[in-house]
Amino acid sequence: MFHRARIRARVAVAALAAAAAAVVAPAAALVPAQAKAPAAAATLVNPGFESGLAGWTVKSTTGDRSAAKAEAGGAVAWAASGAGNHLTHWADHAYQVTTGDGVSGLTQGWWTASAWVKAGGGLAATRLTLTGCGGGADGSVVVPSTEQDDAWVQVSVSAYVADGSCTIGVATAGTAGAWVNVDDVTLVPGRVTREMRGGDLSGLAKNEDFGATYAASNGTPGDAVELLADAGMNVGRLKVWVDPADGYNEVTHVVESARRIEAAGMDLMVDFHYSDRWTDPGAQGVPAAWAGSTVEELAQHVHDHTAEVMQALTAAGVNAEYVQVGNEINPGMLWPYGQTWDVVPGDGVDGAQWDSLALFLTAGHDAVKEVSPGTQTILHLTNINNGIGSLTWWFDEVTARDVPFDLIGLSYYGYWHGSLADLQEAVSTLSARYDRDVVVVETAYPFTLTDDTPAWENVINLPSELVAGYPATPQGQAAAFRAVQDVVAAAPGGRGLGTMYWEPAWTSVAGNGWDPADPSSGNAWENQAMFDFSGRLLAPVAATLAP
């Protein structure tokens, strides 16, 4: 049995650790992307453009060398004072310009260039590059649009250096008005990768049973899991409900889908909701079968349900590399018994119930480890838009109670959860404060604003709901998804593991709507899938899954 005493016995020691963690300064955001492995950075000439463009070479195939200039106003280190300079590319007509700096004396191996950037006025107009390194393929990363809030973000690109030299470049091929600001360039040994490039495939089994079919971009019919894996997806996520009304997303279907994910060569992430239906900040309902249980009995249910699913996967020969203990649990879980604020005043359970929540989370974590010690557990929050304090508040409470977990999970939808800068701050701050790697376990973006049939109003269906700089087109969807991946990978501190796309295969078919208890409910998400309305894989977004 799981008892409160187990939590309380560890609170005093854990509180000291939490207090120490609380003093970790957000200034960790200035640490280079490879900070986990101390390394000697290359000495760059004028990396902050404080001496204009001295040390940098400007080239243009369109005769627009004047499109590159140093302007006042520095990035991160200068933000408070407004001093410093930065590089700007801009022209009032279509143009191409590259500002580069050759670096020599580099040791053989992987090197990573990073820079603080802002950009706008054109989709994927500017790239940060590492070229001429002699180790094979050049490195290139798109500078994301920051029109949403005009805040600086860091991007990083890696290349293998074989002959001791390399050239860092800022290359813009823009339409009229496209612009980029670049500052504080660094070059350090090491490699930045998008380690996790995943997708939530929870709705696929039901979709197929109700008639959905899938095809490659060229129209060749195929299996959705295999098509995504072939494109480069390397993690498949599956949610688990206890006793859902439609009979899907329970243990049997989860095991069957998990087999497909593993057979396709992907790792598996299991997402326990501990409910009979959706859980999120607005709903964390107790499963019907657990109603009337005491807090201790609920903890036992969490343990036993988690163990049952994990044992079923093990019996099927499937290993879960990652397990979420709860889904978007900012407000807690198993309301009202594990609430983090008074969800329903007057219901007899008053105020936050942190000790009970800690009991539930510990029960889930321990069940995972009992069955599969190597599986990494995740605690998953959302609503980055409420500020970093809303996240540290939550993790301070659970770490003070010594709740065990391995990774931090975040939801990030740009049209709801703030800017790319907000996301990067969350990854850097949380990883530094709690010494855990961070993964974005949910993100998505529309490739169109139109509705498929059967019609059901889409969650995002208006131009005003889009993220500035990212149109609702296949190219815009791909750029938005890749921007999230790159911002996570380049987050200062080097603790961003990767990004998961939510329901890339949930196309619209009659019978598989959002409400498991209502077959007539429709799909409000099909315009954010990675497959178009005919079931073909969208080539632009699929390309963002490649390593």
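For this chain, numbers begin at 1 and follow the sequence in order.
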With side chains defined as the heavy atoms from C-beta onward, is the minimum distance between Val403 and Leu379 less than 4.5 Å?
yes

Closest contact, heavy atoms only, Ser419 versus Gln148
CA-OE1, 3.4 Å

If you define the side chain from C-beta out and look only at heavy atoms, does anything of Trp416 sit under 4.5 Å from Tyr412?
no

Decide yes or no on side chain to side chain contact (heavy atoms under 4.5 Å, CB included) for Gln528 and Phe447, but give the supporting numbers first.
CA-CA 6 Å; Gln528 299 194 61; Phe447 66 87; over 6 Å; no

Decide whether Asn207 and Asn512 meet the rule of one side-chain donor and one side-chain acceptor closer than 3.5 Å.
yes

Would you say the rings of His305 and Phe272 are close, in the sense that their centroids are separated by under 6.0 Å?
yes

Could you tell me if the side chain of Leu228 sits less than 4.5 Å from the side chain of Leu537, heavy atoms only?
yes

Is there a side chain to side chain donor-acceptor pair (under 3.5 Å) between Asn319 and Glu321? Walk through the geometry before answering.
CA-CA 6 Å; Asn319 178 61; Glu321 282 76 15; 3.3 Å; yes

Measuring only between side-chain heavy atoms, which start at C-beta, is Val155 closer than 4.5 Å to Pro144?
yes

Under 4.5 Å between any side-chain heavy atoms of Gln324 and Lys239, yes or no?
no

Find out whether the Lys NZ or Arg CZ of Arg433 is both under 6.0 angstrom from the six-membered ring centre of Phe395 and within 45° of the ring's axis.
no

Leu238 side chain near Leu268 side chain, heavy-atom distance below 4.5 Å
yes

Hey, do the aromatic rings of Trp341 and Trp394 have their centres closer than 6.0 Å?
no

Under a 4.5 Å cut-off applied to non-hydrogen side-chain atoms, are Val225 and Leu201 in contact?
yes

Validation row: Asn523, Thr507 side chains within 4.5 angstrom (heavy atoms):
no

Stepwise, does the ring pair (Phe, Tyr, Trp, His ring centres under 6.0 Å) test hold for Trp514 with Trp278?
CA-CA 9 Å; Trp514 68 272; Trp278 304 101; 8.0 Å; no

Minimum heavy-atom separation for Ala205 to His253, with atom names?
CB-CD2, 4.4 Å

Gln424 side-chain N/O to Val487 backbone N/O, donor-acceptor pair under 3.5 Å:
yes

